[in-house]
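Both ligands and their constituent atoms are indexed starting at 1 by order of listing. Being a predicted model, the structure only gives us computed values, none of them experimental.
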Amino acid sequence: MPEIMIEAKHLVKKFGDVTAVNDVNFAVKKGEIFAFLGPNGAGKSTTIKMLTTLLKPTSGKLQLNGYDVAKDKDNVRKSFGIIFQDPSVDDELTAYENMQLHGDMYGIERTVLKKRIEELMKLVELWERSKFQVKTFSGGMKRRLEIARGLLHHPKVLFLDEPTLGLDTQTRNLMWNYIKQLSDKEGTTIFFTTHYLEEAEQVADRIAFIDHGQIVATGTSKELEKQTDTKSLEEAYLKLTGSGLRDEDNSGTNDRMRLRNRARGSR
Ligand SMILES: Nc1ncnc2c1ncn2[C@@H]1O[C@H](COP(=O)(O)OP(=O)(O)OP(=O)(O)O)[C@@H](O)[C@H]1O
Ligand SMILES: [Mg+2]
């Protein structure tokens, strides 16, 4: 039987009156690339925050790399890397220092660290800028640095919350190729969210649709089309999550979904 790397059982998170995550259940196998898709406010980031020990669930059980997330935080934290929805690199430090700090935090041996920093910064095409303070970077460059940093300690599980938001096509392709390689070569388990459905279609082994805090369907892209009797992942997605707008969020991401949904609705 394949090893389960991430497991959520009856996961619930309430913020006051709002139930952000409402009885979510799923399991992700070792080496699997799993996508979490859903409208703004669906509960994606909240789920990731609970899996990565940043938020405490209201109820339910979470396991990561065989460890109980509530009881074994240290081992859980050593098992994953995360790329946040909002950039979290330090503006005052140089790009290189950001990488180094992260590597030291994870206790990566110096010679290995040096090699990896160079390899990853070249991958995201920031090597020439490694000695620049991050505050001189564009949004996309910060994002690329964030991605390089998240990959630095070759974690068993990598969480990516909308990693490609605002990135150009070239960088997106580079990033996904690298991540796929990581998953193939090192058996890294990948859990990501995106609002680009075509990205999930191309990259993910399995996809879960989440809406209003609940998983409404899970499967491969093809299985989801079959389940919904539709011809594309986008159609399947809209059929299951509806084309109504979500009020909660006014971010740029929402605008993109809004345009997309509007285009659909007016047909
Ligand atoms: N710290 C918090 N306090 C109160 N409510 C919160 C908090 N964090 C999230 N929420 C609410 O929980 C719900 C789920 O939010 P979450 O950030 O998980 O959505 P998401 O699926 O990641 O959306 P997006 O695609 O916009 O990133 C939303 O209704 C949100 O307003
Ligand atoms: Mg989010």
Engineer: Taking the six-membered ring of Tyr67, is the NZ or CZ of Arg77 close enough (under 6.0 Å from the centre) and on axis enough (within 45°)?
Structural biologist: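 Geometry flag: not set, cation outside 6.0 Å or 45°.
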
Engineer: Between Asp23 and Leu11, is any pair of side-chain heavy atoms under 4.5 Å apart?
Structural biologist: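 No, every pair of side-chain atoms sits at 4.5 Å or beyond.
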
Engineer: Answer yes or no: does an N/O atom from Thr47 fall short of 3.5 Å to an N/O atom of ligand 1?
Structural biologist: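 Between Thr47 and ligand 1, no N or O pair is found under 3.5 Å apart.
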
Engineer: Parallel, tilted or perpendicular: which describes the rings of His153 and Tyr106, with under 30° parallel and over 60° perpendicular?
Structural biologist: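 Because their plane-to-plane angle is under 30°, the rings of His153 and Tyr106 count as parallel.
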
Engineer: Do Ala20 and ligand 1 have an N or O pair less than 3.5 Å apart?
Structural biologist: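 No, there is no polar N/O contact under 3.5 Å.
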
Engineer: Under 2.8 Å from the Mg ion (ligand 2) - does any N, O or S atom of Thr46 fall there?
Structural biologist: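 It does not: Thr46 brings no N, O or S atom closer than 2.8 Å to the Mg ion (ligand 2).
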
Engineer: Any atom of ligand 1 sitting under 4.0 Å from a heavy atom of Lys49?
Structural biologist: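 In this structure, Lys49 fails to qualify as a contact of ligand 1 - no heavy atom is under 4.0 Å.
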
Engineer: Compute both the distance and the angle, then confirm whether Lys13 meets the cation-pi test with Phe15: under 6.0 Å from the six-membered ring centre, within 45 degrees of the axis.
Structural biologist: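 Here Lys13 passes the 6.0 Å and 45° test against Phe15.
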
Engineer: Strictly distance-based, threshold 3.5 Å: is any side-chain N or O of Asn25 a donor or acceptor partner for the main-chain N or O of His10?
Structural biologist: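 Yes, because the side chain of Asn25 sits within donor-acceptor range (under 3.5 Å) of the backbone of His10.
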
Engineer: With no hydrogens and no angle check, is any side-chain donor or acceptor of Glu146 less than 3.5 Å from a backbone partner on Ser88?
Structural biologist: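 Yes; at least one donor-acceptor contact below 3.5 Å.
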
Engineer: Return the option from Ser45, Gly213, Pro39 holding the heavy atom at the smallest distance from atom 17 (O) of ligand 1.
Structural biologist: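 Among Ser45, Gly213, Pro39, the closest heavy atom to atom 17 (O) of ligand 1 belongs to Ser45.
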
Engineer: Check each atom of ligand 1 against the heavy atoms of Gly43 and keep those under 4.0 Å away; list them by number with element.
Structural biologist: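 Per the distance check, 14 (C), 18 (O), 19 (O), 20 (P), 21 (O).
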
Engineer: Answer yes or no: does an N/O atom from Phe15 fall short of 3.5 Å to an N/O atom of ligand 1?
Structural biologist: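 Checking ligand 1 against Phe15, no N or O pair falls under 3.5 Å apart.
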
Engineer: Is there a heavy atom of His195 sitting under 4.0 angstrom from any atom of ligand 1?
Structural biologist: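 Distance cut 4.0 Å: His195 passes for ligand 1.
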
Engineer: Taking the side chain as everything from C-beta on, heavy atoms only, tell me whether Phe192 gets closer than 4.5 Å to Ile33.
Structural biologist: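 Result yes, sub-4.5 Å side-chain heavy-atom pair found.
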
Engineer: If you measure every N or O of Ala42 against every N or O of ligand 1, does any of those distances drop under 3.5 Å?
Structural biologist: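 Min N/O separation from ligand 1 is below 3.5 Å for Ala42.
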
